[in-house]
Novice: 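Attaching a single structure in structure tokens format; questions to follow.
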Amino acid sequence: MQPTDQQRLILDYADNAVIIAAPGSGKTFVVSEKVRDILKTCPSHKGVVAISYTKKASGELRERCLKNGFDPKSSFFGTIDKFYLGEIIIPFGKHIWRSTTNEFSIPSIDKMDEIQQQNLSWVDRDNPLSEVSEQQLECLKILFKSGIIAIETVGILANFVFGQSKASNNYLKAKYKAIFIDEYQDCGANQHSLFEKIISLGITGVAVGDLNQSIYAFSGKSSKYLSALTGLEHFKTFKLDKNHRCDNSIINYSNY
């Protein structure tokens, strides 16, 4: 597949980028080709982070990026929760809280016992770390040291551990050259905060999304975070607005 002029501009740009992508505009093709281009220059111990909203989307992106036996090197492909847990919370939370726990369960709060549910009654779908008290963090610490991480709290924990652990910062900086996050219009406060922190390490950031398609406002997600990135000087904004899936007559009718 040959890139269009819009796609080529993105592929040729090597710094932080925001890609506003309409449905059918070839965003998966663009992201997978950018990932492949970056991996060509990475040593074996380094790679990229590629975040997708669902396991299915993540599997598709991984397959596209690694077609024809392409070497992933030390890359991460998966959901944001999986990245939080495996790359930040568990390995470095154990360090800062001096925990020897090796087995963790990741239940939703409604699957926990009654006392635990009461202790976590303050948890909203996307509490910003700045609004979490020391007492509430202590509750999360106690659960962590007993091998329990409520899935609703992973955004809080990831931001907290990242801020407390210099080792986590050094690890991410040494291992990853770039981070890609798809469906950024459905980003929450904690995800956006951590993305900005990771970029501050010198890791290239690419956010991909559609300002018109946010469907998770009920859970604290908002396209405002994608919109905010378009106004930052250290991000260049690109548009993919041509639908390649449909005949022009269908597109025109839809727009009409």
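Residue numbers start at 1 and run along the sequence shown.
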Novice: Counting N and O atoms only, with roles assigned by atom type, does the side chain of Glu87 sit under 3.5 Å from a partner on the main chain of Tyr84, one being a donor and the other an acceptor?
Specialist: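 Looks like no, no N/O pair under 3.5 Å.
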Novice: Given 3.5 Å as the limit, does a donor-acceptor pair link the side chain of Thr153 with the main chain of Ile156, or not?
Specialist: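 It does not hold such a pair.
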Novice: Where do Phe77 and Val35 come nearest, in terms of heavy atoms and distance?
Specialist: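 Looking at all heavy atoms of both residues, the closest pair is CZ-CG1, 4.4 Å.
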Novice: Pro128 and Ala189: which non-hydrogen atoms are nearest, and at how many Å?
Specialist: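 Smallest heavy-atom distance, with atoms named: CG-CB, 4.3 Å.
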Novice: Counting the benzene-type ring for Trp, do Phe76 and Phe83 have ring centres under 6.0 Å apart?
Specialist: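 Here the rings of Phe83 and Phe76 have centres that are less than 6.0 Å from each other.
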Novice: Show your working on ring-ring contact (aromatic ring centres under 6.0 Å, His included) between Tyr225 and Phe195 and close with a plain yes or no.
Specialist: CA-CA 11 Å; Tyr225 299 111; Phe195 181 67; over 10 Å; no
Novice: Do the non-hydrogen side-chain atoms of Lys177 and Leu39 ever get within less than 4.5 Å of each other?
Specialist: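 When only atoms from C-beta onward are counted, Leu39 and Lys177 do not touch, as no gap falls below 4.5 Å.
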Novice: Is the side chain of Thr101 donor-acceptor paired with the backbone N or O of Glu103 at a distance under 3.5 Å, no angle test?
Specialist: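 Not a single qualifying donor-acceptor pair exists.
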Novice: With ring centroids as reference points, do Phe92 and Phe162 lie under 6.0 angstrom apart?
Specialist: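 Judged by ring-centre distance (under 6.0 Å), Phe92 and Phe162 do not meet the cut-off.
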Novice: For Phe144 and Phe104, take the angle between the two ring planes, folded into 0 to 90°, and tell me which bin it lands in: parallel under 30, tilted 30 to 60, perpendicular over 60.
Specialist: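 Judged by the thresholds at 30° and 60°, the geometry between Phe144 and Phe104 is tilted.
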Novice: Ignoring hydrogens and angles, tell me if any N or O in the side chain of Ser32 forms a donor-acceptor pair with the backbone of Cys65 under 3.5 Å.
Specialist: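 Not confirmed, Ser32 side chain does not pair with Cys65 backbone.
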Novice: Does Val206 reach the side chain of Ile181, with side-chain heavy atoms less than 4.5 Å apart?
Specialist: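 No, too far: nothing below the 4.5 Å cut-off.
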Novice: Mind checking whether Val208 and Val31 have side chains closer than 4.5 Å, heavy atoms only?
Specialist: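 The answer is yes; the side chains approach within 4.5 Å.
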Novice: Using atom types as modelled and distance alone, determine if a side-chain donor or acceptor of Asn190 lies under 3.5 Å from a backbone N or O of Asn127.
Specialist: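 At least one qualifying donor-acceptor pair exists.
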Novice: Can you tell whether the side chains of Lys27 and Glu183 come within less than 4.0 Å, N to carboxylate O?
Specialist: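 Between Glu183 and Lys27 there is a salt bridge, with a charged N closer than 4.0 Å to a carboxylate O.
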Novice: On a heavy-atom basis, which atom in Ile38 and which in Ala178 lie closest, and how many Å separate them?
Specialist: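 Minimum heavy-atom separation between Ile38 and Ala178: CD1-CB, 3.8 Å.
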Novice: Between Lys236 and Phe238, is NZ or CZ placed under 6.0 angstrom from the six-membered ring centre and within 45° of the ring axis?
Specialist: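 Yes, Lys236 sits over the ring of Phe238.
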Novice: Decide yes or no for Ser193 and Leu129: does some side-chain heavy atom of the first lie under 4.5 Å from some side-chain heavy atom of the second?
Specialist: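 Ser193 does not reach Leu129 side chain to side chain.
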Novice: Quick one: pull up CG in Asp186 and CD in Gln191 and give me the separation to the nearest 0.5 Å.
Specialist: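 Asp186 CG to Gln191 CD: 9.0 Å, rounded to 0.5 Å.
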Novice: Quick one: salt bridge (charged side-chain N to carboxylate O under 4.0 Å, His left out) partners of Glu196, sequence neighbours excluded?
Specialist: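 In terms of salt bridge (charged side-chain N to carboxylate O under 4.0 Å, His left out), with neighbours along the sequence ignored, Glu196 is linked to no residue.
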Novice: Looking at side-chain heavy atoms only, is the closest gap between Ile179 and Leu172 below 4.5 Å?
Specialist: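 Heavy-atom side-chain distance check fails, nothing below 4.5 Å.
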Novice: Using a cut-off of 6.0 Å, state whether more than 12 heavy atoms not belonging to Asp5 lie near its atom CG.
Specialist: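 Not buried by this count: 12 neighbours or fewer within 6.0 Å.
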Novice: Could you tell me the separation between the NZ atom of Lys166 and the CD1 atom of Ile96, rounded to the nearest 0.5 Å?
Specialist: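 Taking NZ in Lys166 and CD1 in Ile96, the distance rounds to 15.0 Å.
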Novice: Work out which heavy atom in Asp210 is nearest to a heavy atom in Leu226; give both atom names and the distance.
Specialist: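 For Asp210 versus Leu226, the nearest heavy atoms are N-CD2, 3.8 Å.
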Novice: With no hydrogens and no angle check, is any side-chain donor or acceptor of Thr237 less than 3.5 Å from a backbone partner on Val18?
Specialist: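 No, Thr237 side chain to Val18 backbone: no donor-acceptor pair under 3.5 Å.
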Novice: Between Arg64 and Gly59, is there a donor-acceptor pair closer than 3.5 Å when you use the side chain of the first and the backbone of the second?
Specialist: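 It does not hold such a pair.
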Novice: Looking at Asp126, is its backbone amide N or carbonyl O close enough to the side chain of Asp124 to form a donor-acceptor pair, meaning the two atoms are under 3.5 Å apart?
Specialist: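 Not at all, since once roles are kept as given, no pair shorter than 3.5 Å links the two residues.
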Novice: Can you pull the side-chain hydrogen bond (donor to acceptor under 3.5 Å, both in side chains) pairs that have at least one residue in residues 104-119, sequence neighbours excluded?
Specialist: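 Checked against side-chain hydrogen bond (donor to acceptor under 3.5 Å, both in side chains) - neighbours excluded - the pairs reaching residues 104-119 are Ser108-Asp110.
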Novice: Ignoring hydrogens and geometry, is there a side-chain-to-backbone donor-acceptor pair from Thr54 to Ala57 under 3.5 Å?
Specialist: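 Indeed, once roles are kept as given, a pair shorter than 3.5 Å links the two residues.
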Novice: Taking C-beta and beyond as the side chain, do Phe160 and Leu137 meet within less than 4.5 Å on heavy atoms?
Specialist: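 Side-chain contact under 4.5 Å: yes.
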Novice: Any side-chain donor-acceptor pair under 3.5 Å between Asn16 and Thr204?
Specialist: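 There is no such pair (donor and acceptor under 3.5 Å, judged by atom type) between the side chains of Asn16 and Thr204.
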Novice: Do Ile106 and Ile148 pass the side-chain contact (heavy atoms from CB on, under 4.5 Å) test, and can you show the C-alpha distance, the side-chain angles, and the key distance before you say yes or no?
Specialist: CA-CA 6 Å; Ile106 320 293; Ile148 300 172; over 6 Å; no
Novice: Ignoring hydrogens and angles, state whether a donor on the side chain of Thr100 or Lys145 is under 3.5 Å from an acceptor on the partner side chain.
Specialist: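 Judged by distance alone, the side chains do not pair up.
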Novice: Can you give me the closest heavy-atom contact between Tyr13 and Ala17, atom names plus distance?
Specialist: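 Of all heavy-atom pairs spanning Tyr13 and Ala17, the closest is CD2-CB, 4.3 Å.
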Novice: Could you verify whether a donor N or O on one side chain and an acceptor N or O on the other, from Lys94 and Asn102, lie under 3.5 Å apart?
Specialist: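 Side-chain D/A pair, Lys94 to Asn102: present.
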Novice: Give the minimum heavy-atom separation between Ala150 and Leu120, together with the two atoms involved.
Specialist: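 Scanning both residues completely, I find the closest heavy atoms to be CB-CD1, 4.0 Å.
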Novice: Are Met112 and Ile142 joined in one hydrophobic group, where the rule is that I, L, V, M, F, W and Y side chains link up if heavy atoms are under 4.5 Å apart?
Specialist: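 Not linked; separate clusters.
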Novice: Within a strict 4.5 Å, meaning less than it, do heavy atoms of the Lys34 and Leu11 side chains meet?
Specialist: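 Touching, per the 4.5 Å side-chain cut-off.
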Novice: Heavy-atom count check: over 12 atoms from other residues, nucleotides or ligands less than 6.0 Å from Lys82 NZ?
Specialist: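 No.
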Novice: Kindly state each residue pair satisfying salt bridge (Lys or Arg N to Asp or Glu O under 4.0 Å) with at least one member in residues 39-58, sequence neighbours excluded.
Specialist: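 Residue pairs passing salt bridge (Lys or Arg N to Asp or Glu O under 4.0 Å), neighbours aside: Asp37-Lys40.
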Novice: For the SG atom of Cys139 and the CH2 atom of Trp122, what is their distance to the nearest 0.5 Å?
Specialist: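 CH2 of Trp122 is found 7.0 Å from SG of Cys139.
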Novice: Please report the interatomic distance CD1(Ile80) to CG(Leu194), rounded to the nearest 0.5 Å.
Specialist: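 Separation between the atoms: 6.5 Å.
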Novice: Going from SG on Cys42 to NZ on Lys175, what distance comes out if it is rounded to the nearest 0.5 angstrom?
Specialist: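 One gets 12.5 Å once the value is rounded to the nearest 0.5 Å.
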Novice: Rounded to the nearest 0.5 Å, what separates atom CD in Glu131 from atom CD in Gln136?
Specialist: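 Result: 10.0 Å between the selected atoms.
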Novice: Are side-chain heavy atoms of His95 and Val161 found at a separation under 4.5 Å?
Specialist: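 Counting from C-beta outward, His95 and Val161 never come under 4.5 Å.
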Novice: Ignoring hydrogens and angles, tell me if any N or O in the side chain of Gln7 forms a donor-acceptor pair with the backbone of Ser25 under 3.5 Å.
Specialist: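 Yes; judged by distance alone, with no hydrogens or angles, the pair exists.
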